[in-house]
Q: 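Once you've had a glance at the structure underneath, I'll fire off some questions.
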Amino acid sequence: MQHSKSLDLFNKAKQLIPGGVNSPVRACNSVGGQPVFIERGDKSRLFDVDGNDYIDYVMSWGPLVLGHRPPEVIQALMQALETGTSFGAPTHLETQLAELVTQTVPSVEMVRMVNSGTEATMSAVRLARGFTGRNIIIKFDGCYHGHADTLLVAAGSGVATLNIPGSPGVPQTVTQNTLSLPYNDIEGFKQVMAQQGDQVAGVILEPVAGNMGMVRPREGFLETLRKETQKYGAVLIFDEVMTGFRVAKNSAQGLFNITPDLTCFGKIIGGGLPVGAYGGKKEIMSQIAPTGPVYQAGTLSGNPLAMAAGIATLTALQKDGVYDTLETRTSDLMNGFKAAADEAGIPFQSGHVGSMAGFFFTDRKVVDFQDAKTSDLDRFAAFYRGMLAKGIYLAPSQFEACFVSLAHTKKDIDDTIAAAKAVMAEI
Ligand SMILES: *Cc1c(COP(=O)(O)O)cnc(C)c1O
(Lines give C-alpha, C1' and ligand atoms only; values in the text may rest on other atoms or scores of the structure.)
Protein backbone atom coordinates (compact mmCIF):
# COMPACT_ATOMS: atom_id res chain seq x y z
CA MET A 1 0.00 0.00 0.00
CA GLN A 2 1.44 3.32 -1.16
CA HIS A 3 1.22 6.51 0.93
CA SER A 4 3.55 8.91 -0.90
CA LYS A 5 0.93 11.61 -1.61
CA SER A 6 -0.23 11.52 2.01
CA LEU A 7 3.37 11.91 3.13
CA ASP A 8 3.89 14.94 0.86
CA LEU A 9 0.71 16.58 2.11
CA PHE A 10 1.64 15.84 5.72
CA ASN A 11 5.07 17.42 5.30
CA LYS A 12 3.49 20.53 3.82
CA ALA A 13 0.88 20.65 6.61
CA LYS A 14 3.56 20.37 9.29
CA GLN A 15 5.06 23.66 8.09
CA LEU A 16 1.82 25.51 8.73
CA ILE A 17 -0.17 23.60 11.33
CA PRO A 18 1.35 22.38 14.64
CA GLY A 19 2.12 18.70 14.10
CA GLY A 20 0.34 18.95 10.74
CA VAL A 21 -3.02 18.28 12.39
CA ASN A 22 -5.87 20.16 14.02
CA SER A 23 -6.36 17.59 16.79
CA PRO A 24 -3.34 15.73 18.24
CA VAL A 25 -4.24 12.02 18.00
CA ARG A 26 -4.69 12.39 14.23
CA ALA A 27 -0.90 12.69 13.88
CA CYS A 28 -0.60 8.94 14.65
CA ASN A 29 2.51 9.53 16.78
CA SER A 30 1.81 6.77 19.29
CA VAL A 31 1.52 4.06 16.64
CA GLY A 32 4.67 5.11 14.84
CA GLY A 33 3.04 6.07 11.60
CA GLN A 34 1.97 9.14 9.73
CA PRO A 35 -1.63 10.02 8.95
CA VAL A 36 -3.27 9.14 5.67
CA PHE A 37 -4.88 12.16 4.03
CA ILE A 38 -8.49 11.56 3.13
CA GLU A 39 -10.05 12.41 -0.20
CA ARG A 40 -13.59 11.23 0.48
CA GLY A 41 -15.81 8.90 2.43
CA ASP A 42 -18.73 6.74 1.34
CA LYS A 43 -20.86 4.50 3.58
CA SER A 44 -18.41 2.43 5.67
CA ARG A 45 -15.39 3.43 3.58
CA LEU A 46 -12.66 6.02 3.53
CA PHE A 47 -10.67 6.77 0.37
CA ASP A 48 -7.23 8.36 0.69
CA VAL A 49 -5.32 10.62 -1.69
CA ASP A 50 -3.09 7.73 -2.85
CA GLY A 51 -6.04 5.71 -4.11
CA ASN A 52 -6.26 3.30 -1.14
CA ASP A 53 -9.53 2.55 0.55
CA TYR A 54 -10.33 1.41 4.07
CA ILE A 55 -13.19 0.07 6.14
CA ASP A 56 -13.52 2.87 8.66
CA TYR A 57 -13.99 2.20 12.39
CA VAL A 58 -13.19 5.75 13.48
CA MET A 59 -16.21 7.32 11.79
CA SER A 60 -14.96 10.83 12.51
CA TRP A 61 -14.45 9.70 16.15
CA GLY A 62 -18.09 8.79 16.60
CA PRO A 63 -20.50 11.20 14.89
CA LEU A 64 -21.09 9.16 11.71
CA VAL A 65 -23.43 6.50 13.10
CA LEU A 66 -25.21 6.37 9.71
CA GLY A 67 -21.93 6.07 7.80
CA HIS A 68 -20.30 8.54 5.43
CA ARG A 69 -22.62 10.71 3.32
CA PRO A 70 -25.95 9.14 4.33
CA PRO A 71 -28.55 10.26 1.75
CA GLU A 72 -30.99 11.65 4.34
CA VAL A 73 -28.32 13.89 5.87
CA ILE A 74 -26.98 15.09 2.52
CA GLN A 75 -30.51 15.92 1.40
CA ALA A 76 -31.26 17.85 4.60
CA LEU A 77 -28.03 19.79 4.20
CA MET A 78 -28.77 20.68 0.56
CA GLN A 79 -32.17 21.92 1.56
CA ALA A 80 -30.76 24.02 4.41
CA LEU A 81 -28.10 25.47 2.08
CA GLU A 82 -30.83 26.85 -0.16
CA THR A 83 -31.92 29.22 2.59
CA GLY A 84 -28.59 30.39 4.01
CA THR A 85 -25.68 29.21 6.13
CA SER A 86 -26.10 31.23 9.34
CA PHE A 87 -28.41 33.92 10.67
CA GLY A 88 -27.52 34.52 14.31
CA ALA A 89 -31.25 34.64 14.92
CA PRO A 90 -33.61 31.84 15.94
CA THR A 91 -34.84 29.27 13.42
CA HIS A 92 -37.44 26.54 13.89
CA LEU A 93 -34.74 23.94 13.21
CA GLU A 94 -33.28 24.58 16.67
CA THR A 95 -36.61 23.79 18.36
CA GLN A 96 -37.05 20.70 16.18
CA LEU A 97 -33.69 19.27 17.25
CA ALA A 98 -34.41 20.23 20.88
CA GLU A 99 -37.73 18.39 20.63
CA LEU A 100 -36.07 15.25 19.22
CA VAL A 101 -33.49 15.27 22.00
CA THR A 102 -35.95 15.87 24.85
CA GLN A 103 -38.36 13.22 23.54
CA THR A 104 -35.61 10.62 23.11
CA VAL A 105 -33.78 11.33 26.38
CA PRO A 106 -36.47 12.20 28.97
CA SER A 107 -34.10 13.50 31.69
CA VAL A 108 -33.40 16.38 29.31
CA GLU A 109 -36.32 18.76 29.77
CA MET A 110 -34.54 21.73 28.24
CA VAL A 111 -31.44 21.86 26.05
CA ARG A 112 -28.98 24.51 24.87
CA MET A 113 -27.03 24.00 21.61
CA VAL A 114 -23.33 24.77 21.41
CA ASN A 115 -20.64 23.96 18.84
CA SER A 116 -18.56 21.14 20.35
CA GLY A 117 -18.44 18.59 23.14
CA THR A 118 -15.83 20.71 24.90
CA GLU A 119 -18.21 23.65 25.01
CA ALA A 120 -21.00 21.44 26.30
CA THR A 121 -19.04 20.06 29.28
CA MET A 122 -17.43 23.42 30.05
CA SER A 123 -20.86 25.05 30.16
CA ALA A 124 -22.44 22.23 32.17
CA VAL A 125 -19.70 22.54 34.81
CA ARG A 126 -20.21 26.31 35.00
CA LEU A 127 -23.95 25.75 35.35
CA ALA A 128 -23.49 23.16 38.11
CA ARG A 129 -21.29 25.60 40.01
CA GLY A 130 -23.65 28.52 39.41
CA PHE A 131 -26.69 26.49 40.42
CA THR A 132 -25.21 25.09 43.65
CA GLY A 133 -22.99 28.03 44.61
CA ARG A 134 -20.20 25.48 45.22
CA ASN A 135 -16.82 24.99 43.56
CA ILE A 136 -15.64 21.38 43.66
CA ILE A 137 -16.04 19.20 40.58
CA ILE A 138 -15.38 15.48 40.77
CA LYS A 139 -14.27 13.64 37.63
CA PHE A 140 -12.70 10.22 37.04
CA ASP A 141 -9.22 9.22 35.84
CA GLY A 142 -9.11 8.40 32.15
CA CYS A 143 -12.41 10.11 31.35
CA TYR A 144 -12.03 12.84 28.77
CA HIS A 145 -14.45 15.74 28.75
CA GLY A 146 -12.91 17.94 26.09
CA HIS A 147 -10.09 20.40 26.65
CA ALA A 148 -11.61 23.05 28.95
CA ASP A 149 -9.09 24.02 31.67
CA THR A 150 -11.11 22.76 34.65
CA LEU A 151 -11.44 19.27 33.22
CA LEU A 152 -7.88 18.71 31.94
CA VAL A 153 -6.92 16.62 34.96
CA ALA A 154 -5.93 12.94 34.57
CA ALA A 155 -7.74 13.06 31.24
CA GLY A 156 -8.09 10.35 28.63
CA SER A 157 -8.03 10.49 24.80
CA GLY A 158 -5.09 12.45 23.34
CA VAL A 159 -3.87 13.43 26.80
CA ALA A 160 -3.50 9.74 27.65
CA THR A 161 -2.14 8.86 24.20
CA LEU A 162 0.63 11.45 24.48
CA ASN A 163 1.16 10.56 28.16
CA ILE A 164 0.72 14.17 29.33
CA PRO A 165 -0.16 14.35 33.07
CA GLY A 166 -2.07 17.63 32.87
CA SER A 167 -1.26 20.50 30.56
CA PRO A 168 1.06 23.49 30.76
CA GLY A 169 -1.04 26.60 30.48
CA VAL A 170 -3.62 25.39 32.95
CA PRO A 171 -2.94 27.21 36.23
CA GLN A 172 -3.11 25.16 39.40
CA THR A 173 -5.62 27.73 40.70
CA VAL A 174 -8.00 26.59 37.97
CA THR A 175 -7.75 22.86 38.69
CA GLN A 176 -7.49 23.02 42.49
CA ASN A 177 -11.24 22.52 42.70
CA THR A 178 -11.19 19.50 40.39
CA LEU A 179 -10.83 16.11 42.05
CA SER A 180 -10.09 13.12 39.85
CA LEU A 181 -10.90 9.69 41.30
CA PRO A 182 -10.43 6.17 39.92
CA TYR A 183 -13.27 5.10 37.58
CA ASN A 184 -15.52 2.38 39.00
CA ASP A 185 -14.18 2.84 42.56
CA ILE A 186 -17.45 2.89 44.50
CA GLU A 187 -15.94 2.95 48.00
CA GLY A 188 -13.35 5.62 47.13
CA PHE A 189 -16.07 7.87 45.79
CA LYS A 190 -18.27 7.39 48.86
CA GLN A 191 -15.35 8.29 51.13
CA VAL A 192 -14.66 11.54 49.31
CA MET A 193 -18.34 12.44 49.43
CA ALA A 194 -18.48 11.71 53.16
CA GLN A 195 -15.63 14.18 53.69
CA GLN A 196 -16.44 16.94 51.18
CA GLY A 197 -19.86 16.14 49.71
CA ASP A 198 -21.41 19.40 50.88
CA GLN A 199 -18.82 21.38 48.90
CA VAL A 200 -19.24 19.40 45.69
CA ALA A 201 -20.97 21.31 42.89
CA GLY A 202 -21.02 18.46 40.42
CA VAL A 203 -19.84 15.00 39.49
CA ILE A 204 -19.08 14.47 35.80
CA LEU A 205 -18.34 11.21 34.07
CA GLU A 206 -18.60 9.18 30.89
CA PRO A 207 -21.32 6.65 31.83
CA VAL A 208 -19.50 4.20 29.55
CA ALA A 209 -15.90 5.36 29.29
CA GLY A 210 -14.59 5.63 25.74
CA ASN A 211 -11.49 7.77 26.06
CA MET A 212 -9.23 5.30 27.89
CA GLY A 213 -10.26 2.65 25.44
CA MET A 214 -13.76 1.38 26.19
CA VAL A 215 -14.53 0.60 29.84
CA ARG A 216 -17.99 -0.28 31.14
CA PRO A 217 -19.37 1.01 34.41
CA ARG A 218 -19.19 -1.64 37.11
CA GLU A 219 -22.47 -2.88 38.55
CA GLY A 220 -23.63 -0.34 41.14
CA PHE A 221 -21.20 2.42 40.14
CA LEU A 222 -23.68 4.70 38.37
CA GLU A 223 -26.35 3.95 41.00
CA THR A 224 -23.95 5.01 43.76
CA LEU A 225 -23.09 8.25 41.98
CA ARG A 226 -26.80 9.00 41.62
CA LYS A 227 -27.59 8.23 45.26
CA GLU A 228 -24.64 10.12 46.73
CA THR A 229 -25.05 13.25 44.61
CA GLN A 230 -28.70 13.35 45.58
CA LYS A 231 -27.81 12.97 49.24
CA TYR A 232 -25.33 15.88 49.18
CA GLY A 233 -27.16 18.15 46.74
CA ALA A 234 -24.52 17.93 44.01
CA VAL A 235 -25.37 17.95 40.30
CA LEU A 236 -24.81 14.64 38.48
CA ILE A 237 -23.55 15.32 34.96
CA PHE A 238 -23.48 12.52 32.40
CA ASP A 239 -21.03 13.35 29.63
CA GLU A 240 -22.78 11.49 26.82
CA VAL A 241 -20.85 13.26 24.06
CA MET A 242 -19.70 9.83 22.88
CA THR A 243 -22.38 7.52 24.29
CA GLY A 244 -25.36 9.73 23.41
CA PHE A 245 -27.57 8.06 20.75
CA ARG A 246 -24.67 5.60 20.32
CA VAL A 247 -24.96 2.89 22.99
CA ALA A 248 -28.77 2.90 22.88
CA LYS A 249 -31.56 5.02 21.43
CA ASN A 250 -32.07 6.81 24.74
CA SER A 251 -28.33 6.86 25.40
CA ALA A 252 -26.38 5.34 28.31
CA GLN A 253 -28.77 6.77 30.88
CA GLY A 254 -31.63 4.87 29.28
CA LEU A 255 -29.62 1.68 28.97
CA PHE A 256 -28.59 1.71 32.65
CA ASN A 257 -31.80 3.35 33.84
CA ILE A 258 -30.17 6.24 35.71
CA THR A 259 -31.50 9.80 35.58
CA PRO A 260 -28.74 12.41 35.69
CA ASP A 261 -29.41 16.10 36.42
CA LEU A 262 -27.51 17.34 33.38
CA THR A 263 -26.38 15.62 30.18
CA CYS A 264 -23.79 16.71 27.62
CA PHE A 265 -24.04 15.72 23.98
CA GLY A 266 -21.83 16.11 20.92
CA LYS A 267 -20.70 13.88 18.07
CA ILE A 268 -23.87 12.06 16.85
CA ILE A 269 -26.16 14.97 17.75
CA GLY A 270 -24.51 16.96 14.94
CA GLY A 271 -24.59 14.16 12.36
CA GLY A 272 -21.05 15.02 11.22
CA LEU A 273 -21.28 18.79 11.63
CA PRO A 274 -19.87 20.68 14.61
CA VAL A 275 -22.55 20.54 17.33
CA GLY A 276 -22.62 20.05 21.07
CA ALA A 277 -25.47 20.44 23.52
CA TYR A 278 -26.16 20.34 27.22
CA GLY A 279 -29.49 19.89 28.89
CA GLY A 280 -31.37 18.54 31.84
CA LYS A 281 -33.80 19.54 34.53
CA LYS A 282 -35.77 22.68 33.80
CA GLU A 283 -35.01 23.99 37.27
CA ILE A 284 -31.27 23.91 36.56
CA MET A 285 -31.37 24.88 32.86
CA SER A 286 -33.45 27.99 33.69
CA GLN A 287 -30.38 29.37 35.48
CA ILE A 288 -28.72 29.98 32.08
CA ALA A 289 -28.81 33.47 30.53
CA PRO A 290 -31.12 35.06 29.50
CA THR A 291 -33.57 33.42 31.95
CA GLY A 292 -30.91 33.16 34.67
CA PRO A 293 -27.54 34.63 35.65
CA VAL A 294 -25.16 31.87 34.41
CA TYR A 295 -23.66 33.20 31.19
CA GLN A 296 -23.11 31.15 28.07
CA ALA A 297 -23.40 32.22 24.41
CA GLY A 298 -22.28 31.40 20.85
CA THR A 299 -22.13 33.23 17.51
CA LEU A 300 -22.75 30.07 15.49
CA SER A 301 -24.69 28.09 18.11
CA GLY A 302 -27.78 26.44 16.65
CA ASN A 303 -26.34 26.85 13.16
CA PRO A 304 -28.99 25.84 10.59
CA LEU A 305 -26.75 23.44 8.63
CA ALA A 306 -25.65 21.71 11.82
CA MET A 307 -29.24 21.52 13.10
CA ALA A 308 -30.43 20.05 9.80
CA ALA A 309 -27.76 17.33 9.90
CA GLY A 310 -28.58 16.59 13.55
CA ILE A 311 -32.31 16.36 12.91
CA ALA A 312 -31.84 14.04 9.93
CA THR A 313 -29.50 11.80 11.93
CA LEU A 314 -31.62 11.55 15.07
CA THR A 315 -34.72 10.98 12.95
CA ALA A 316 -33.06 8.05 11.15
CA LEU A 317 -32.11 6.60 14.56
CA GLN A 318 -35.76 6.50 15.67
CA LYS A 319 -36.50 3.63 13.25
CA ASP A 320 -37.22 0.20 14.73
CA GLY A 321 -34.40 -2.30 14.75
CA VAL A 322 -31.63 0.20 14.12
CA TYR A 323 -29.91 -0.36 17.44
CA ASP A 324 -30.30 -4.15 17.20
CA THR A 325 -28.45 -4.10 13.89
CA LEU A 326 -25.68 -1.97 15.37
CA GLU A 327 -25.42 -4.27 18.39
CA THR A 328 -25.19 -7.44 16.28
CA ARG A 329 -22.52 -6.07 13.96
CA THR A 330 -20.42 -4.78 16.84
CA SER A 331 -20.74 -7.94 18.87
CA ASP A 332 -19.71 -10.03 15.84
CA LEU A 333 -16.69 -7.79 15.30
CA MET A 334 -15.45 -8.01 18.88
CA ASN A 335 -16.07 -11.77 19.08
CA GLY A 336 -14.07 -12.16 15.88
CA PHE A 337 -11.16 -10.12 17.26
CA LYS A 338 -11.19 -12.10 20.48
CA ALA A 339 -11.19 -15.43 18.63
CA ALA A 340 -8.32 -14.25 16.44
CA ALA A 341 -6.29 -13.22 19.51
CA ASP A 342 -7.04 -16.50 21.30
CA GLU A 343 -5.96 -18.46 18.25
CA ALA A 344 -2.68 -16.56 18.17
CA GLY A 345 -2.20 -16.98 21.94
CA ILE A 346 -2.26 -13.21 22.54
CA PRO A 347 -3.59 -11.82 25.86
CA PHE A 348 -6.62 -9.80 24.88
CA GLN A 349 -9.65 -8.11 26.46
CA SER A 350 -12.53 -6.84 24.41
CA GLY A 351 -15.96 -5.48 24.97
CA HIS A 352 -18.72 -3.39 23.51
CA VAL A 353 -21.82 -1.48 24.55
CA GLY A 354 -24.10 -1.00 21.58
CA SER A 355 -21.93 0.12 18.68
CA MET A 356 -19.10 1.44 20.82
CA ALA A 357 -16.32 -1.10 21.23
CA GLY A 358 -12.81 -1.46 22.53
CA PHE A 359 -9.98 -3.92 23.10
CA PHE A 360 -6.76 -4.13 25.07
CA PHE A 361 -3.68 -6.32 24.77
CA THR A 362 -3.54 -7.42 28.40
CA ASP A 363 -4.60 -10.39 30.48
CA ARG A 364 -5.99 -8.07 33.15
CA LYS A 365 -9.71 -7.33 33.24
CA VAL A 366 -9.98 -3.61 32.51
CA VAL A 367 -12.20 -1.67 34.91
CA ASP A 368 -10.23 1.56 35.24
CA PHE A 369 -7.45 3.67 33.71
CA GLN A 370 -4.70 1.83 35.68
CA ASP A 371 -5.83 -1.45 34.11
CA ALA A 372 -6.09 0.14 30.65
CA LYS A 373 -2.49 1.26 30.92
CA THR A 374 -1.34 -2.37 31.34
CA SER A 375 -2.13 -2.93 27.65
CA ASP A 376 0.92 -3.75 25.54
CA LEU A 377 1.16 -0.52 23.53
CA ASP A 378 3.82 -1.85 21.16
CA ARG A 379 1.56 -4.74 20.26
CA PHE A 380 -1.35 -2.36 19.80
CA ALA A 381 0.80 -0.25 17.45
CA ALA A 382 1.80 -3.35 15.46
CA PHE A 383 -1.84 -4.42 15.24
CA TYR A 384 -2.87 -0.94 14.12
CA ARG A 385 -0.21 -0.82 11.39
CA GLY A 386 -0.97 -4.36 10.24
CA MET A 387 -4.68 -3.62 9.99
CA LEU A 388 -4.13 -0.34 8.14
CA ALA A 389 -1.97 -2.16 5.59
CA LYS A 390 -4.90 -4.55 5.05
CA GLY A 391 -7.34 -1.70 4.51
CA ILE A 392 -8.84 -1.47 7.99
CA TYR A 393 -8.85 1.99 9.53
CA LEU A 394 -8.79 1.83 13.35
CA ALA A 395 -8.23 4.69 15.79
CA PRO A 396 -4.47 5.28 15.99
CA SER A 397 -4.37 4.98 19.77
CA GLN A 398 -5.00 2.35 22.42
CA PHE A 399 -6.94 4.94 24.41
CA GLU A 400 -9.77 5.47 21.95
CA ALA A 401 -12.91 3.54 21.12
CA CYS A 402 -13.94 1.76 17.94
CA PHE A 403 -17.22 2.71 16.22
CA VAL A 404 -19.53 0.66 14.01
CA SER A 405 -22.13 2.39 11.85
CA LEU A 406 -25.33 1.34 10.11
CA ALA A 407 -23.37 1.46 6.85
CA HIS A 408 -21.09 -1.40 7.95
CA THR A 409 -22.27 -4.56 6.21
CA LYS A 410 -21.93 -8.13 7.39
CA LYS A 411 -19.26 -8.53 4.72
CA ASP A 412 -17.33 -5.53 6.09
CA ILE A 413 -17.28 -7.18 9.51
CA ASP A 414 -16.25 -10.58 8.08
CA ASP A 415 -13.46 -8.99 6.02
CA THR A 416 -12.25 -7.10 9.08
CA ILE A 417 -12.15 -10.26 11.19
CA ALA A 418 -10.22 -12.08 8.44
CA ALA A 419 -7.69 -9.24 8.43
CA ALA A 420 -7.44 -9.37 12.24
CA LYS A 421 -6.72 -13.12 12.07
CA ALA A 422 -3.88 -12.60 9.64
CA VAL A 423 -2.43 -9.68 11.60
CA MET A 424 -2.71 -11.35 15.03
CA ALA A 425 -0.67 -14.27 13.68
CA GLU A 426 2.19 -11.86 12.96
CA ILE A 427 2.37 -9.66 16.04
C1 LIG B 1 -15.23 13.82 22.13
C2 LIG B 1 -15.58 14.02 23.54
C3 LIG B 1 -15.62 15.29 24.14
C4 LIG B 1 -15.15 16.53 23.43
O5 LIG B 1 -15.90 16.85 22.32
P6 LIG B 1 -15.26 17.82 21.19
O7 LIG B 1 -16.37 17.98 20.23
O8 LIG B 1 -14.06 17.09 20.67
O9 LIG B 1 -14.89 19.08 21.88
C10 LIG B 1 -16.10 15.40 25.42
N11 LIG B 1 -16.50 14.32 26.11
C12 LIG B 1 -16.48 13.09 25.58
C13 LIG B 1 -16.96 11.94 26.39
C14 LIG B 1 -15.99 12.89 24.30
O15 LIG B 1 -15.93 11.65 23.79
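Predicted model only: the values in this text are computed from it and were never measured. Positions are given from 1, in the same order as the sequence printed here. For ligands, and for the atoms within them, numbers begin at 1 and follow the listed sequence.
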Q: Would you check whether Thr121 has a nitrogen or oxygen atom less than 3.5 angstrom from a nitrogen or oxygen atom of ligand 1?
A: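 By distance alone, the answer is no.
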Q: Gly117 heavy atoms, cut-off 4.0 Å: which ligand 1 atoms fall inside?
A: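 Selected atoms, number and element: 4 (C), 5 (O), 6 (P), 7 (O), 9 (O).
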Q: For ligand 1, which atoms have a heavy atom of Asp239 less than 4.0 angstrom away?
A: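 Numbered from 1, ligand 1 contributes 10 (C), 11 (N), 12 (C), 13 (C).
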Q: Cation-pi check for Phe369 against Lys373: NZ or CZ below 6.0 Å from the six-membered ring centre and within 45 degrees of the axis, yes or no?
A: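 Yes, cation above the ring, under 6.0 Å and within 45°.
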Q: Should Arg45 and Asp412 count as an ion pair when the cut-off is N to O under 4.0 Å?
A: yes
Q: Would Val241 count as being in polar contact with ligand 1, using the rule that some N or O on each side must be under 3.5 angstrom apart?
A: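 No: no nitrogen or oxygen of Val241 is under 3.5 Å from one in ligand 1.
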Q: Give the numbers and elements of all ligand 1 atoms closer than 4.0 Å to a heavy atom of Asn211.
A: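 Those of ligand 1 that fall under 4.0 Å from Asn211 are 12 (C), 13 (C), 14 (C), 15 (O).
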Q: Report yes or no: does a heavy atom of Lys267 sit under 4.0 Å from some atom of ligand 1?
A: yes
Q: Among protein heavy atoms, which lies nearest atom 8 (O) of ligand 1, and at what distance?
A: Thr118 OG1, 4.5 Å
Q: NE2 of His3: more than 12 outside heavy atoms within 6.0 angstrom?
A: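 Yes, enclosed.
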Q: Test your reading of the model: is there a side-chain donor-acceptor pair from Arg129 to the backbone of Ala201, 3.5 Å cut-off?
A: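 Such a contact is absent between Arg129 side chain and Ala201 backbone.
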Q: Going by the angle between their ring planes, with limits at 30° and 60°, are Phe359 and Phe348 parallel, tilted or perpendicular?
A: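 Parallel, since the angle between the ring planes stays under 30°.
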Q: Under the criterion side-chain hydrogen bond (donor to acceptor under 3.5 Å, both in side chains), I'd like the reasoning laid out for Ser355 against Arg246: C-alpha separation, chi angles, the key distance, then a yes or no.
A: CA-CA 6 Å; Ser355 57; Arg246 162 68 61 188; 2.9 Å; yes
Q: Can you name the atoms of ligand 1, numbered from 1 with element, that are less than 4.0 Å from a heavy atom of Met242?
A: 15 (O)
Q: Checking contacts here: is it the side chain or the backbone of Glu206 that comes within 4.0 Å of ligand 1, counting heavy atoms only? Could be both or neither.
A: side chain
Q: Is it the case that ligand 1 has an N or O less than 3.5 angstrom from some N or O of Tyr144?
A: yes
Q: Can you check whether Gly321's main-chain N or O pairs, donor with acceptor, with Thr325's side chain at less than 3.5 Å?
A: yes
Q: Below 4.0 angstrom from a heavy atom of Gly146, which ligand 1 atoms are there? Numbered from 1 as shown, please.
A: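 That gives atoms 3 (C), 4 (C), 10 (C) of ligand 1.
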Q: Will you find, in the side chains of Gln253 and Thr263, an N or O donor that is under 3.5 Å from an N or O acceptor?
A: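 Short answer, yes.
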Q: May I ask you to list the atoms of ligand 1 that are less than 4.0 angstrom from any heavy atom of Ser116?
A: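 Answer, ordered by atom number: 7 (O), 9 (O).
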